[in-house]
Structures are given as C-alpha cells and as structure tokens.
Number of protein chains: 2
Amino acid sequence: MAPSHAQYELLYHPGIPGRGEFIRLAFEAKGVAYTDVANEQKDGYSTVQAVCMNKGTESVDGNPPVFSSPALRIPGAGLDGQALVIAQTPNILWYLGEKLGLVPDDEGGKYHVQQVALTALDLTNETHDTHHPLAVMQYYEDQKEAALAKAKDVRENRIPKYLSYFSRVLEHNAPHGKRKFLVGSYLTYADTTVWQVLNGLLFAFPKEMEARRKEFPALFEELYPAVQEVEGIRQYLASERRLAYSSGVFRYYPELDRQ
Amino acid sequence: MAPSHAQYELLYHPGIPGRGEFIRLAFEAKGVAYTDVANEQKDGYSTVQAVCMNKGTESVDGNPPVFSSPALRIPGAGLDGQALVIAQTPNILWYLGEKLGLVPDDEGGKYHVQQVALTALDLTNETHDTHHPLAVMQYYEDQKEAALAKAKDVRENRIPKYLSYFSRVLEHNAPHGKRKFLVGSYLTYADTTVWQVLNGLLFAFPKEMEARRKEFPALFEELYPAVQEVEGIRQYLASERRLAYSSGVFRYYPELDRQ
C-alpha cells in the first residue's frame, strides 16, 4: 500500500475492525491503495470526527452530513473538483464494487451482489445487538440479562437462517462460481462481506459456530478458504493492518455463546 | 394504475404497509404502474411465498434465493429474457431510483440519496426492535419488559439523533431543495423514504413525536407536507391502496410511547 498517494480515504474509528473492515477488505482484495485515516495519520481520528461526527449541516467540501462512520472520502470526485464523501457501509461497497471491479458485468448480477452484502450486514447488525440489545450507548453489563436472551435467539434462530441463505446462494451459483464465489464467476464484495461476518461470528460465538460449520460445509470449507486465499486478502490477513477484534461489533463474551 | 399491464411486481406480505411501503411510495410518486401481488392477485401471497420464502437454491427464473421480502420482480429484465428478481429494500430503491427518475443526475447525488435512505431504513429497523428487542418470532407480550427499555432508548436517544441528521441534510440542501427535498432540486426516494419513516413514527409514538416535531420544524412543516403534496403521493394516500398500520414494523403500543 502507498498511503501518501492513495486515491481513497477510509474514515472510521481507530483500533478496531468494526464496520470499516468490510471496506478495507474490498481494497485489500484488489490491492488498491487507501488511507485508513484514523489508523495511519497523526491526529487522523480528529479528521474522522470532524467529517463524520459533527453536528453541522455538512460533512466537508459541500457534501451532506454523515450520520455515522464509516465514510469514504474521494478527493476530486465531488462537485467542482472537491472531495466526494459517501457514508453507509453498503453504499460505499456499491461505489467501490463498480470502481474496483468487485461486481459482475451484468446489471442483475450487480443487484444480486448488493442483495447478499446487505443481508450479511443485517446479520452484522443482529450480532451487534446480541451484546447491546437495549441501548447502544449503555454498557453491556447493564443489559446483560436481555443480552443473554437476544444472543440465544440469534444463535438458535437467526444465524442458521442466514447461513442457510448464504449456502443456498453459493449452491445456486455453483455452475459459475464453483462454490468459491457467491455471485458470478469471480470475487465480488458479496464474498468478502460474507467472509467477514463469518470470521466475526467465529470469534464471537466459537462453540456455536463449531457446531454450525458442520451443517453448512460448502460455506465454511469452500467459500471461506477461497476468499482467504485471494492474494490481496492473504497478504492483508498476515499484515499488521488486520486489527484484532476487541470492543467493536464482534465481541467475545463466553456467556453469550452456546453453553 | 393498470395492474394487468404493469411492468413491475412487488412481492410482499398482504394487508400491511411494512417495508413494502417504501417501494410502493416510489411507484406512486411517479404514477408508474406496479402489481402489488399479494394484495391484488388471487392466491398472490402463494406467489410471494414461493419466490421469497422457499428453502431452495433459487427464487424463480434463475435468480438467487431471497432471504426475506420485499422483493421486486421485473419480467423480461433478467438473463435470457426471464424475470429479474431483486430483494432488500434499499437495493430495490436504488434500482427504481434509476428507472423511475427518483435520483439526481450527478453520481455523487445518487450516492447521497442512497445514504439518506439507508439511514432512514436503519431507523425503521430500530423502531421495529422497540416492540421486538429480543426475538423477532416471539410475541411482544413475552418481551415487553425489554421492549419498554428499548423503546425508551430509541425515543430519548435514537429518534432525536436521526431527526437531527435528516434536518441537517435538509438544511444543507436548502439552496437546491428549498427545504422540500433532501438531495438535489426535485423529489428523490430519499424524500419518500424519510417521509414514510416519519409517518410511521407519528403512528407508533404520537406523544413522543408531538414533542419532537417542534424541535425539527423544517422536517415536519416543510419536507413532510411537500412529499404529501406530490400529486402521485396525494392520490395514493387518499386511495384504498394505502393500507392502515397494524401489526407490521410500525405498531402502536401506548405503553411504549412517551408517558
């Protein structure tokens, strides 16, 4: 990566994979340079806060305000040569899918990629809610009883429903994707996004997922390793840029896992 | 509307506005014919179930499976002249935005419309979770204690945060949209989507929203009526096609409202 010449700037919290990870994986898969502003620049998080967390009527450079990070800033891509700032993870993925070649050529395929990615991001949100079911700004410890109930439902009902869906998408596309790609015949951001949520779930619910992976062998034994073996992803996962899970969307509380 | 010749088929549950409403409003705003399959066709819900709720490896006509309705079926738009089926509300809105002229011409504007719509749909999800915080398939009555806590947080912290964001987007765009449109100089699906979530919140939390509307006058006194006055929307809201809220995303439980 060559941060100082990067065309793309990722604006997100420092120190956690979080929702920024779905964006990072798109860049890393294609070996395209980007600046992870909060993690790479001195005072970078001040920039993120100024653009994504201000209470004013614009983010920066004439763009509308941002509700929440991650956001992507692309210098020169906005009106009058200013930067374009876009937010919302699936929106950023749609943008990068077109620019980085992470979508199929046909119109229907582009919508099917986004459809799968949005569903994986819904599962990400539900996973977040297992540790924060009542109030996002309150401590886990203060909503632990509800978290136990929510996690039980997500583990027992929601995770298998989502994994079944991803498995069936993979199987449907087997004639083109050989069970290595979810849509079409090469890597798309549907693959990297589903990979990331599976990876996060393996961290958050190791016992649950150990049991579930046997139910969905193609997902875990074919798609999952295929994404990890993409050269850009392989190099990224071995690098210091890949951050450890801690207090973000994917958290490990043993009591929320299958007992 | 001319259902029998409609190019577009909405596949959703019958009898409720729900998430299908975001799609209906896009069509109605532009006066474009669509078939609301479950509400208009004999045995229509069987069709919706067959396409959106089957456990197989495709929805229909060679399209990948659908995780959950709403879905949009467009006969002839898929591969080899078959139907294209796409799911996920924001994905359908992106598709229709382009086809129906509900997005600005510039690239950045299209992403900003989607950004606002995704955020309004996030608020929709959080509103759903006020009555189902622990388990989507269990009764409200069985998770009422958690619902009271969740609703309190959503009313006190989340709704004002979202309304502040929508207000600031509206203000940012005032030079172009005259506080009648959120992005650009004419109606987009950002406007119809934010209108729908505001309308749903006014139903679900009448006391809370009565207080909040005074804090965000431009949103409620300028944007909200401007959308309702769009000719297609005005006719739709006066028609029998506009369904009453009941047991969908937006529900009225007095105990969850501001006391």
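These figures come from a predicted structure and were not determined experimentally. Chain A is the first sequence line, chain B the second, and so forth, proteins listed ahead of strands; every chain is numbered from 1.
Highest contact tally toward chain B, considering only A/Ser167, A/Ala77, A/Gly62, is held by A/Gly62 [criterion: heavy-atom pairs under 4.5 Å]. Taking chain B as the reference chain and counting heavy-atom pairs below 4.5 Å, the highest number among A/Asp122, A/Leu118, A/Val154 is found for A/Leu118. Of the listed residues B/Ser164, B/Gly108, B/Pro133, the one with more heavy-atom pairs under 4.5 angstrom with chain A than any other is B/Pro133. For the set B/Gln143, B/Lys150, B/Glu126, the count of heavy-atom pairs under 4.5 angstrom toward chain A peaks at B/Lys150.
In this structure, CG in A/Leu170 is found 11.0 Å from OG1 in B/Thr57, a value given to the nearest 0.5 Å. To the nearest 0.5 Å, atom OH of residue B/Tyr111 and atom CD1 of residue A/Ile74 are 9.0 Å apart.
Contact annotation for A/Asn173: neither backbone nor side-chain heavy atoms come within less than 4.5 Å of a heavy atom of chain B. Neither the backbone nor the side chain of A/Phe166 has a heavy atom closer than 4.5 Å to any heavy atom of chain B. The contact between A/Val136 and chain B is made by backbone and side chain atoms together, counting heavy-atom distances below 4.5 Å. Proximity to chain B (any heavy atom under 4.5 Å) is restricted, for A/Val85, to the backbone atoms N, CA, C and O. Both the backbone and the side chain of A/Lys161 come within contact range of chain B, with heavy atoms under 4.5 Å apart. Heavy atoms of B/Val66 lying under 4.5 Å from chain A belong to its backbone as well as its side chain.
Side-chain N or O atoms of A/His172 include none that pairs as donor or acceptor with a backbone N or O of B/Ser59 at under 3.5 Å. In this structure a side-chain-to-backbone donor-acceptor pair under 3.5 Å is present from A/Arg168 to B/Gly56.
Near-neighbour residues of residues 86-96 of chain B relative to chain A, defined by a heavy atom under 4.5 Å from a heavy atom of that chain, comprise B/Ile86, B/Ala87, B/Gln88, B/Pro90, B/Asn91, B/Trp94, B/Tyr95.
When all heavy atoms of A/Leu134 and B/Ala149 are compared, the pair lying nearest together is CD1-CB, 3.9 Å.
Considering only heavy atoms from C-beta on, A/His132 stays 4.5 Å or farther from B/Asp153 through its side chain. Here the side chains of A/Phe67 and B/Gln115 are not in contact, with every heavy-atom distance at 4.5 Å or above. Between B/Glu58 and A/Val169, the closest side-chain pair of non-hydrogen atoms is not below 4.5 Å. Annotation: side chain of B/Asn157 is not in contact with side chain of A/Met137 (no heavy-atom distance under 4.5 Å).
By the 6.0 Å contact criterion, CD on B/Glu145 is open, its count of non-hydrogen atoms from other residues, nucleotides or ligands being 12 or less.
Residues B/Lys99 and A/Glu107 are paired through a salt bridge, judged by an N-O separation under 4.0 Å between the basic side chain and the carboxylate.
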